[in-house]
Number of protein chains: 2
Amino acid sequence: MNRPALEAAPAAGGRTGTVSLRTLSEHLGLSMASISRVLNGSPAAQAIPKATQTRILEAAREFNYRPNQLARSLRSGQSTSVGVLIPEISEGYSAAVLAGIEETLSSAGYAIMMITHHHRAEVLERSERQFAERAVDAVIAVDTALPLFGPIPTVTVSCPDPHPYVTNIVLDNARAAQMALEHLHGLGHRRIAVIKGQSFSSETEVRWRAIEASAASVGLRFLPERVAQMEEDLPTSEPGYRATGRLLHQGGDFSAIVAFNDMSAIGAIHALLDAGRSVPEDVSVVGFDDIALASIHRPTLTTVRQPLHHMGVLAAQAVLETLNAPPESRASARQIMVAPELVVRSSTGRWTGAESESV
Amino acid sequence: MNRPALEAAPAAGGRTGTVSLRTLSEHLGLSMASISRVLNGSPAAQAIPKATQTRILEAAREFNYRPNQLARSLRSGQSTSVGVLIPEISEGYSAAVLAGIEETLSSAGYAIMMITHHHRAEVLERSERQFAERAVDAVIAVDTALPLFGPIPTVTVSCPDPHPYVTNIVLDNARAAQMALEHLHGLGHRRIAVIKGQSFSSETEVRWRAIEASAASVGLRFLPERVAQMEEDLPTSEPGYRATGRLLHQGGDFSAIVAFNDMSAIGAIHALLDAGRSVPEDVSVVGFDDIALASIHRPTLTTVRQPLHHMGVLAAQAVLETLNAPPESRASARQIMVAPELVVRSSTGRWTGAESESV
DNA sequence: TTGAAAGCGATACCAG
DNA sequence: CTGGTATCGCTTTCAA
């Protein structure tokens with residue numbers, strides 16, 4: 001059995017079946033080689049007369065010829081596809097980065113092979129295999145402690161522990177933490193609590209150390225009872241809600257919370273409200289990321305913005321750059337830092353002018 | 001030049017370079033044909049002695065052999081990949097459906113080729129071409145008025161105007177609308193306003209007609225000034241906010257709003273609050289979808305739940321079924337309806353027991 | 001029970 | 001300027 005996976009739609013003239021280079025070759029009385037050269041605008045095609053080129057291009061259009069990428073890739077060793085590894089396709093974080101990646105790669109003609117791993121080790125290992133079998137040209141891993149991928153170009157987003165030969169797009173966590181801490185310190189807060197990320201999240205430790213350092217720089221130190229770590233692996237606000245519950249049980253003596261991200265900040269707000277504290281009057285909450293929810297939610301959320309979409313674009317661009325460079329110059333790993341931005345929100349004024357104020 | 005796209009990671013023994021069937025063949029002194037048969041568990045392999053089979057499997061593992069899917073697809077005419085066409089990767093709707101699709105197809109060994117079109121016609125046309133060139137085995141289109149895709153199996157999600165030979169996963173809009181209307185009617189509302197979806201959204205008209213019909217069945221008819229259509233192409237709550245603004249300017253005489261979806265419902269709530277009306281005391285708002293935001297947002301949102309994730313799973317399963325069926329039995333288009341569910345929420349009680357009540 | 005060989009469709013050398 | 005031809009890695013008859 002050997003039916004083609006995809007037949008070309010019937011073209012003008014009612015022809016049918018797959019149109020291949022051979023079809024055009026027979027129709028035009030030219031060799032497949034010449035046709036291929038013209039269609040790809042290869043340098044060798046410059047030697048072919050304009051008239052012939054035109055004939056070829058017109059025939060291709062008339063027959064609705066579509067080059068078979070499978071065959072092309074097999075021969076050329078380039079699949080023009082990129083593997084994307086991502087924890088899940090949830091609200092906010094992943095989705096925003098993914099959107100940036102997709103837009104950039106798609107418009108450069110690359111296909112995306114996406115795998116969501118849900119933090120499961122077995123899927124991570126399987127993914128390495130799948131990427132290899134599909135011969136992706138490069139891999140982008142988002143928020144993932146990635147296993148060593150063979151010698152193909154790899155770019156990570158928010159993976160703080162880069163292997164050599166891996167380009168890494170990261171938020172400048174030091175500045176981000178400083179913004180959060182200075183903001184709260186400037187509002188007069190001295191008793192500040194922290195919600196740490198889950199242990200599986202690749203940014204948890206970096207951000208926590210940055211927050212500690214920033215606190216120290218304004219003369220503060222975190223008491224153990226003012227620190228709680230999220231545990232549940234849910235892309236909702238529940239882990240933050242629970243962690244805040246623990247903070248309250250551990251004494252609850254704080255006037256502000258620095259949450260790991262916006263989702264947990266919202267969980268924190270709900271927990272505080274449910275516990276009878278008002279936000280932001282009794283307790284101020286600061287998040288990270290600035291997901292769409294941050295501006296929609298009431299009370300609105302002050303947060304340290306991470307340019308997520310842009311980080312996706314940067315990752316994709318890094319991949320494209322590497323792939324377009326000659327192999328020998330692909331050596332060094334780079335670290336690309338993106339700048340955070342403090343977004344201070346108040347609950348009033350919506351699409352009526354200045355909804356938020358950036359500092 | 002002919003460097004392979006992807007070199008296998010050095011296997012045990014420090015061998016290097018791509019491991020192909022040829023490599024194994026030379027190592028084992030067996031033909032590539034036999035090895036292929038065993039590795040694929042093809043029926044013809046039953047005639048091969050157990051001992052030989054074991055040798056082959058062990059060698060494959062030892063060499064870390066990964067079959068080249070490109071070559072396999074080229075030869076077999078099956079790419080084991082599916083094209084997914086989706087408006088965007090935003091909060092809620094698309095992301096949830098996409099997640100269901102991805103999980104199902106990935107664990108069946110299929111690769112996903114995802115394209116987001118942002119409702120742009122040029123991208124839609126380009127996508128047809130790209131899917132053809134990559135020889136995807138099938139296409140899933142989500143919330144998209146899809147151009148005619150060649151003769152390959154196609155499944156749509158929430159596309160109300162199905163071509164023949166296209167399987168369509170849709171919400172039972174009639175029941176969904178009825179739930180919304182009966183809920184509001186049951187609460188005593190008689191002056192009800194409606195926010196219609198944008199003209200480009202594939203479900204706008206179906207849902208609107210369903211809402212009209214349900215209203216009629218409880219003896220209500222919508223006055224023109226109680227209807228507003230969203231216009232902006234934004235995956236945020238802003239279009240709903242604006243539409244509600246228009247409703248208020250058009251008279252504002254209503255005690256309830258049926259919004260096109262949750263995002264617009266939240267926009268409506270904010271617009272009402274900004275206009276000095278309280279929710280739900282002055283005006284009740286009902287949404288559709290039950291995106292994650294619906295339960296996180298305060299005031300919480302009563303909504304008609306669409307099993308989005310499940311719809312993605314169903315779409316993927318429909319594709320797999322079709323692909324596993326013999327070509328001649330692939331004939332008829334099916335319409336798969338999924339049941340909505342009314343989710344009534346009150347603002348209290350969070351993760352402390354019954355957060356929501358399903359009817 | 002196994003192997004040889006013919007492709008799948010495109011690209012890239014080497015001739016002429 | 002253009003064409004033949006080997007090849008990418010795999011599957012699948014057809015022979016032995």
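Quick caveat: nothing in here was measured; it's all calculated off a predicted structure. Chain A is the first sequence line, chain B the second, and so forth, proteins listed ahead of strands; every chain is numbered from 1.
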Measure from [atom1] on [X] to [atom2] on [N] and round the result to the nearest Å.
X        : N      : atom1 : atom2 : result
A/Arg134 : D/dC10 : CZ    : C1'   : 14 Å
A/Arg75  : C/dG7  : CZ    : C1'   : 16 Å
A/Gln69  : D/dC8  : CD    : C1'   : 15 Å
A/Met32  : D/dT7  : CE    : P     : 16 Å
A/Leu70  : D/dG9  : CG    : C1'   : 12 Å
B/Asn68  : D/dG9  : CG    : P     : 7 Å
B/Glu133 : C/dA10 : CD    : P     : 10 Å
A/Arg66  : C/dG9  : CZ    : C1'   : 15 Å

Quick check on contacts: within residues 33-49 of chain B, what sits under 4.0 Å from DNA chain C by heavy-atom distance?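 Contacts with DNA chain C under 4.0 Å: B/Ala33, B/Ser34, B/Arg37, B/Ala47, B/Ile48, B/Pro49.
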Residues in side chain to side chain donor-acceptor pair (under 3.5 Å) contact with A/Ser73, at least two apart in sequence or another chain: none
Qualifying residues under side-chain contact (heavy atoms from CB on, under 4.5 Å), relative to [X], sequence neighbours excluded:
X        : answer
A/Ala315 : A/Ile140, A/Val155, A/Val157, A/Ile169
A/Ala96  : A/Leu308
A/Glu321 : A/Arg334
B/Glu88  : B/Ser90, B/Ser94, B/His118, B/Pro235

Give one of base, sugar-phosphate or nothing for A/Leu30, where a contact means two heavy atoms less than 4.0 Å apart.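 Here A/Leu30 touches the backbone only, sparing every base.
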Determine which pairs satisfy side-chain hydrogen bond (donor to acceptor under 3.5 Å, both in side chains) with at least one residue from residues 26-43 of chain B, sequence neighbours left out, and list them in order.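 Output for this query lists B/Ser31-B/Ser34, B/Ser36-B/Asn40, B/Asn40-B/Arg72.
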Kindly state each residue pair satisfying side-chain hydrogen bond (donor to acceptor under 3.5 Å, both in side chains) with at least one member in residues 46-57 of chain A, sequence neighbours excluded.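 The answer is none; no pair qualifies.
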Find the bend of the helix from C/dT1-D/dA16 to C/dG16-D/dC1 as the angle between its two terminal axes (five pairs each), to the nearest 10°. 50°
N/O (side chain, B/Ser31) to phosphate O (OP1/OP2, C/dG3) under 4.0 Å: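 Yes, because at least one side-chain N or O of B/Ser31 sits under 4.0 Å from OP1 or OP2 of C/dG3.
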Is any side-chain nitrogen or oxygen of A/Arg72 closer than 4.0 Å to OP1 or OP2 of C/dT11?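 Yes.
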Choosing from D/dC10, C/dC8, C/dG9, which nucleotide comes nearest the side chain of A/Ala71? C/dG9
Are there over 12 heavy-atom neighbours, none belonging to A/His310, within less than 6.0 Å of that residue's NE2? no
To the nearest 0.5 Å, tell me how far B/Leu39 CG sits from B/Ile56 CD1.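 Rounded to the nearest 0.5 Å, the CG-CD1 separation comes to 7.5 Å.
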